[in-house]
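First up is the structure itself, then whatever we jot down about it.
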Number of protein chains: 2
Amino acid sequence: MDLQDKLNQKGLRLTKPRQVVMTILERATVPLSPQAIHQHAIENQADIGLVSVYRTLELLTTMGLVRRVHGQDSCEGYVLASPGHHHHLVCRTCDRAVEFTGTDNLIPLLEQLQHETGFTVDEHLLQLYGLCPDCQN
Amino acid sequence: MDLQDKLNQKGLRLTKPRQVVMTILERATVPLSPQAIHQHAIENQADIGLVSVYRTLELLTTMGLVRRVHGQDSCEGYVLASPGHHHHLVCRTCDRAVEFTGTDNLIPLLEQLQHETGFTVDEHLLQLYGLCPDCQN
DNA sequence: TCCTTATTGAAAAAGATTTTCAATAAGGAT
DNA sequence: ATCCTTATTGAAAATCTTTTTCAATAAGGA
């Protein structure tokens with residue numbers, strides 16, 4: 001099911017800004033801020049408003065197609081979400097990001113914590129930072 | 001070594017805003033935004049400026065005494081940090097946060113990723129979300 | 001108590017995000 | 001193909017949030 005269908009199914013419409021933002025995120029290799037996405041759009045002769053970028057990101061995020069990525073201090077930007085549960089490994093130098101899944105390793109930690117704290121744990125945010133092969137020199 | 005000494009050691013001074021922010025964070029049970037901290041200060045008859053709250057949070061963060069906590073979508077606020085590397089488990093309903101250490105569980109995952117991606121990994125951000133005992137009903 | 005200078009608070013500047021609203025255009029119905 | 005309804009857009013304004021600037025203040029060593 002493509003974006004068109006996913007939107008129509010909810011009574012929403014596939015519009016130029018939505019197509020453009022989606023395409024930019026599909027091609028991106030690093031997390032992009034709303035401003036950066038807007039910039040990319042303009043450079044690609046797609047004349048969409050910054051406001052629509054914000055609105056589209058919010059929509060795509062609630063639809064689970066896009067995910068927000070955080071840094072330790074700042075909020076970095078948005079990346080395309082591949083299906084299922086996953087996380088990002090971001091290069092500190094060039095901001096390139098790769099996605100990974102498979103956090104079975106965390107399960108013992110989660111169980112131990114639930115036991116110790118009495119909290120139930122149902123979601124987690126895991127992001128790794130390092131250097132990509134190109135930036136290691 | 002108390003805050004006074006830690007600051008003086010670096011040629012910095014213990015001032016009213018710094019004391020106040022520190023005290024508020026020491027008493028807090030949930031992550032607080034700069035605005036929230038400022039509000040608390042005013043309610044406690046401590047007349048400090050919002051600007052100083054920002055400056056103090058930045059200072060305390062670089063000193064490792066305070067840590068920034070993130071939500072999935074927004075950047076939530078600041079909490080007191082215990083020394084060393086650790087993470088947070090945040091209640092989705094009441095925002096209460098508990099700290100935990102012990103991320104040995106992550107090491108196999110990190111090693112596997114370094115191998116698969118060619119990235120080196122040297123930092124990570126891990127936050128868990130769930131429900132605290134009180135909010136489970 | 002004095003002196004140096006780190007720090008403060010208020011205002012202004014700079015940025016980021018949200019709201020408002022008339023004009024536009026998606027896409028189901030005809 | 002064409003209409004019609006209404007979701008969506010873009011621009012401007014409003015609203016926050018965060019950072020800078022700078023003269024006045026006050027920490028804390030001498």
To the nearest Å, give me how far apart [atom1] ([X]) and [atom2] ([N]) are.
X     : N      : atom1 : atom2 : result
B:R18 : C:dT7  : CZ    : C1'   : 6 Å
B:Q9  : C:dA6  : CD    : P     : 17 Å
B:K16 : C:dG9  : NZ    : P     : 7 Å
B:L60 : C:dT7  : CG    : P     : 12 Å
A:Y78 : C:dA16 : OH    : C1'   : 11 Å

So does [Y] get a backbone contact from the side chain of [X], meaning a donor-acceptor N/O pair under 3.5 Å?
X      : Y      : answer
B:Q136 : B:L131 : yes
B:S52  : B:I48  : no
A:R13  : A:L7   : no

Report all interatomic pairs (protein N or O, nucleotide N or O of nucleotides 27-30 of chain C) with separations under 3.5 Å.
residue : atom : partner : partner atom : Å
C:dG27  : OP1  : A:Q4    : OE1          : 2.9
C:dG27  : OP1  : A:N8    : OD1          : 3.2
C:dG27  : OP1  : A:L14   : N            : 2.8
C:dG27  : OP2  : A:Q4    : OE1          : 3.4

What closest approach, in Å, do [X] and [Y] show between heavy atoms, and which atom pair accounts for it?
X      : Y      : value
A:C91  : A:C132 : SG-N, 3.3 Å
B:L89  : B:F100 : N-CE2, 3.9 Å
B:P133 : B:R96  : CD-NH2, 4.4 Å
B:M1   : B:D5   : CG-CB, 3.2 Å

Verify the cluster assignment for A:V51 and A:L57: are they in a single hydrophobic cluster under the rule of side-chain heavy atoms below 4.5 Å apart?
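The answer is no; the residues belong to distinct hydrophobic clusters.
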
Near DNA chain C, under 4.0 Å by heavy atom, which residues of residues 34-56 of chain A?
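Under 4.0 Å from DNA chain C: A:Q35, A:V51, A:Y54, A:R55.
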
Atom [atom1] of residue position [X] - does it have more than 12 heavy atoms of other residues, nucleotides or ligands inside 6.0 Å?
X     : atom1 : result
A:E58 : CD    : no
B:D47 : CG    : no
A:Q35 : CD    : yes

With sequence neighbours excluded, tell me which residues meet ring-ring contact (aromatic ring centres under 6.0 Å, His included) with A:H40.
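Not a single residue meets the ring-ring contact (aromatic ring centres under 6.0 Å, His included) criterion with A:H40.
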
Identify all pairs in which a protein N or O lies below 3.5 Å from an N or O of nucleotides 1-3 of chain C, and state each distance.
none

Write out the stems for DNA chain D, ordered by first number and formatted as range with range, counting runs of at least 3 consecutive Watson-Crick or G-U wobble pairs under 3.5 Å.
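Runs of three or more consecutive pairs: C:1-30 with D:1-30.
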
Side chain to side chain donor-acceptor pair (under 3.5 Å) with B:D122: which residues, sequence neighbours excluded?
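Counting only residues at least two positions away or on another chain, B:D122 forms a side chain to side chain donor-acceptor pair (under 3.5 Å) with A:R92.
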
